[in-house]
Amino acid sequence: MYPFKEIEEKWQNYWQQQKMFSVTAQPRRKKYYLLEMFPYPSGKIHMGHVRNYTIGDVIARFKIMQGFCVLHPMGFDAFGQPAENAAIKNKTKPDIWTYKCIDQMRQELKRMGFSYDWTREISTCDVSYYKWNQWIFLKMFERGLAYRKAAEVNWCPSCLTTLANEEVIDEGCWRCGTKVEQKKLEQWFLKITEYKERLLEDLTQLKNWPQRVLTMQTNWIGKSEGVEIYFRLKDTQKTIPVFTTRVDTIFGATYLVLAPQHYLVRELIAGKLQEKEVLKFIEQVTKRTKSVRSSGEMKKEGVFTGSFAINPVNEEAIPIWVADYVLMEYGTGAIMAVPCHDQRDFLFAREYNLPMRIVITPPNSQLTQSPDDLKEAYEGDGIQINSGQFNGLPNQQAKIRIAEWMENTGIGKIKTHWRLRDWLISRQRYWGTPIPIIYCPKCGIVPVPYEDLPVELPKKAHFTGEGGSPLGKIKEFVNVSCPKCKAPSIRETDTMATFFDSSWYFLRFCSPHSDSAPFDTEEVRYWMPIDQYIGGIEHAILHLLYSRFFTKFFQDLKMLDFSEPFQRLLTQGMVLKDGAVMSKSRGNIVDPDSIIKKYGADTLRLFILFAAPPETELEWDDRGIEGAFKFLNRIWRISKNLKEGAPPELIRIMHKTIKKVTEDIEEFKFNTAIASLMEFVNAIYQLGADRQVFSNLLLMLAPFAPHLAEELWESLGNRESIFKSSWPKYNPQQITEEKVTIVIQVNGKVRSKIEVAPDISEERLKELILADEKLKRWIQHKPIKNLIIVPRKLANLVV
RNA sequence: GGGCAAGUGGUGGAAUGGCAUACACGAUGGACUUAAAAUCCAUUGGCCGUAAGGUCGUGAGGGUUCGACUCCCUCCUUGCCCACCA
């Protein structure tokens, strides 16, 4: 067993003392900015971190050996709820708890031997960092991109505090179990919707992002083109606007549905028979928390308002309902229901016995004319029926014609709707960046002047979990004089969502100590954009979208001259155990630290790369790790047993391996790169290696198992770190084959193989095939219909 | 409900139109050892066969092709993300 513990400590200290991975911009050299999503400092790293950061480390070390000037930084996304909750539980302070966790986590990362430039470490909870959050907020405020608006929060009436969605358990408060209510609060929003077109269009630039992330972002932004139709309220001049993407189904609209919060509802029911019932229904619905309302098997519920609307295309009076499946936040908060051609409307109509009408039939099979026979809504394309002057048209054509007709007659208007909402950043919490705003009774909302930044988090807060944000209870913090008129004023006590912090940290890494700006323009010009970003798929939407938004904002401020921060994106798969994601509640966690103690970091790194390709899920197997450990031990033993001169056969294998490993790493196929290293080691074992062959093995091993590679490199007499050497190159002449094996098939089945010169003529090959003894029994007496030859590979005889 | 992945030996996986199961784990047998561990060697998809060999086989069914794990269609299963988006 090789002494991994001593070796790993030795080289980790060496790298640190030599500042091996500290870099400065060197404009004449090619740069490579590699970034992995920084962790929340929970104190312990988990296998997901190990996988993410090992993948990054292999690429970083590989690029270093290829001669790139590599920026590979690490930091901590350190604000957030867990610190505050820990403070409540353990009677400590969020900052003390967080910094302790950071120290622990940094140690664990160092024990993995990652090649970070630790001189660039940042923590988002440092004043020197969050000061710039405030600066950015003020810039956004100046441009009208930060604004205040009322929004609902989860509210615990017992603790008198707001709760995050994940703190609401079964509709109750996680601390006291009291039923959670919805409460409206004035909060801060960022106008990300102003960037919606650019956020959508620029996705086409991201050629090296996984397709599924691009799709998810596209869906999230959710551009949909349709028509806003104006339904007149019966017996009045009032209109109800309704948005639809299926204007072709307008003749099948048999009722309208309003969201419970719709502004017209109360007016509609005033003095009607249904008033009481509707009000009761609305009360019921609004009490429900958002998480319940959107939780899946929700039954669609609704009530009739007693009012009717006029369908503008056929003057039909149709009933108006209120139902919980229509959302105030999307479209106009009202829909036209077409039960025959929308499954949700179909279910609702069946439930409440509402009328239905088929207006589109599938082109070939005649859809039954009676809606009673329908088992589900028909949402596909077809021919218009029951649609007045549009009968007989294919529905896609009708869509355009009806829309134009509506525009001309003023019945409706062609409109584009977006799913993307503005971004709510206010949190009624302590452990976050204070929003730099002051409320003056005379001047109103007043931004904190730039020269007064930072607004520091006061140290003396108390953490009880009750009575709202701890900041609000600190008089010295809250009571200030207005920066404009000096009148006694109140400070904003909300802090920013932590996604704000992580939306620009990658820029900060370029000049982490800059105290005159969030980042230094010259440094950013050299390092950005990020060449490779690596992280979990769970951040496919929000974090990446917000970072893209910030980048575009900085571009508008002329602080950046590009619009997309991440050129390439790699989303690594989850680490599973027994077929399920590792989690505390499942009790299937494998602690990386215990593996390091038993086998060392090199083994852990090697196994996690070998067990699966980076993008797929990885099933953890305690036995598999033994294999990686054995492999490293094998190399250790070989190093003690080198020979003079290596057989030419081994030299050829070496060149082939260099080619394969280089190509595989470039395509992030680490598992097969390691497999070919194993094959190479097996060949060395059999044939016996000399120093030159073994040196090349070490060079290729170095990104994967850097400690062992360094140690053995030194034992060969090298004075400098292996990472000062360049990546080995293969000699193309050494990998050309003298002979190639041609597989011969008869009717697609392998029947024989022959060895021939690579440049053999087709005619000569044909002669050889027809002369082949083994083939005789398969082609006897049968006429040869065809012979397909794939050069250097295969021949297929069709008989 | 929508979107996106994935489905291959006992297990993790390899092969992206051309020899299915590379590499590794596990298992079995053997060598070394007083013994064990470690190490080394051999075997290891199913079925038929003493063997040579044959035959079936990549979730299921169909299609394209000289040839399909790979491409197309339908379905099933699992995972992930999002979710009443009109």
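The chains referred to below are lettered A, B, ... by the order of the sequence lines, with proteins before strands, and numbering in each begins at 1.
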Stems formed with participation of RNA chain B [Watson-Crick or G-U wobble, under 3.5 Å, three or more pairs]: B:1-7 with B:76-82, B:10-12 with B:23-25, B:26-31 with B:39-44, B:45-48 with B:53-56, B:59-63 with B:71-75
Touch class at under 4.0 angstrom, heavy-atom based, for Val798(A) against every strand present: sugar-phosphate
Span that lies between the C1' atom of A86(B) and that of C81(B), in whole angstrom: 22 Å
Nearest-angstrom distance, C1' atom, A15(B) to U8(B): 10 Å
Side chain of Thr245(A) (C-beta onward), nearest among A20(B), G18(B), A86(B): A86(B)
Sugar-phosphate only, base, or nothing, as touched by Asp345(A) at under 4.0 Å among non-hydrogen atoms: nothing
Nucleotide nearest Lys630(A) (side chain, heavy atoms from C-beta), chosen from G26(B), C41(B), C19(B): G26(B)
Pairs meeting criterion salt bridge (charged side-chain N to carboxylate O under 4.0 Å, His left out) with involvement of residues 659-685 of chain A, two or more places apart: Lys659(A)-Glu663(A), Lys660(A)-Asp664(A), Glu667(A)-Lys669(A)
P spacing across the pair G54(B) / C41(B), given as an integer number of angstrom: 31 Å
Protein N or O to nucleotides 53-56 of chain B N or O, pairs below 3.5 Å:
| from | atom 1 | to | atom 2 | distance (Å) |
| --- | --- | --- | --- | --- |
| U55(B) | OP2 | Arg751(A) | NH1 | 3.2 |

All ring pair (Phe, Tyr, Trp, His ring centres under 6.0 Å) counterparts of Tyr546(A), not counting sequence neighbours: Trp423(A), Phe499(A)
Ring pair (Phe, Tyr, Trp, His ring centres under 6.0 Å) involving Trp636(A) - partner list, sequence neighbours excluded: Tyr2(A)
Any Tyr685(A) side-chain nitrogen or oxygen under 4.0 Å from OP1 or OP2 of U39(B): no
Minimum-distance nucleotide (side-chain atoms of Met574(A) versus C80(B), A86(B), C84(B)): C80(B)
Could you go over nucleotides 12-14 of chain B and give all protein N or O partners under 3.5 Å, atom names and distances?
| from | atom 1 | to | atom 2 | distance (Å) |
| --- | --- | --- | --- | --- |
| G12(B) | O2' | Ala611(A) | O | 2.7 |
| A14(B) | OP1 | Asn671(A) | ND2 | 2.8 |

Residue pair Leu420(A) / Ile192(A), side-chain heavy-atom distance below 4.5 Å: yes
Chi angles and distances behind the salt bridge (charged side-chain N to carboxylate O under 4.0 Å, His left out) call for Glu615(A), Arg212(A): CA-CA 12 Å; Glu615(A) 301 213 68; Arg212(A) 64 166 160 163; 5.6 Å; no
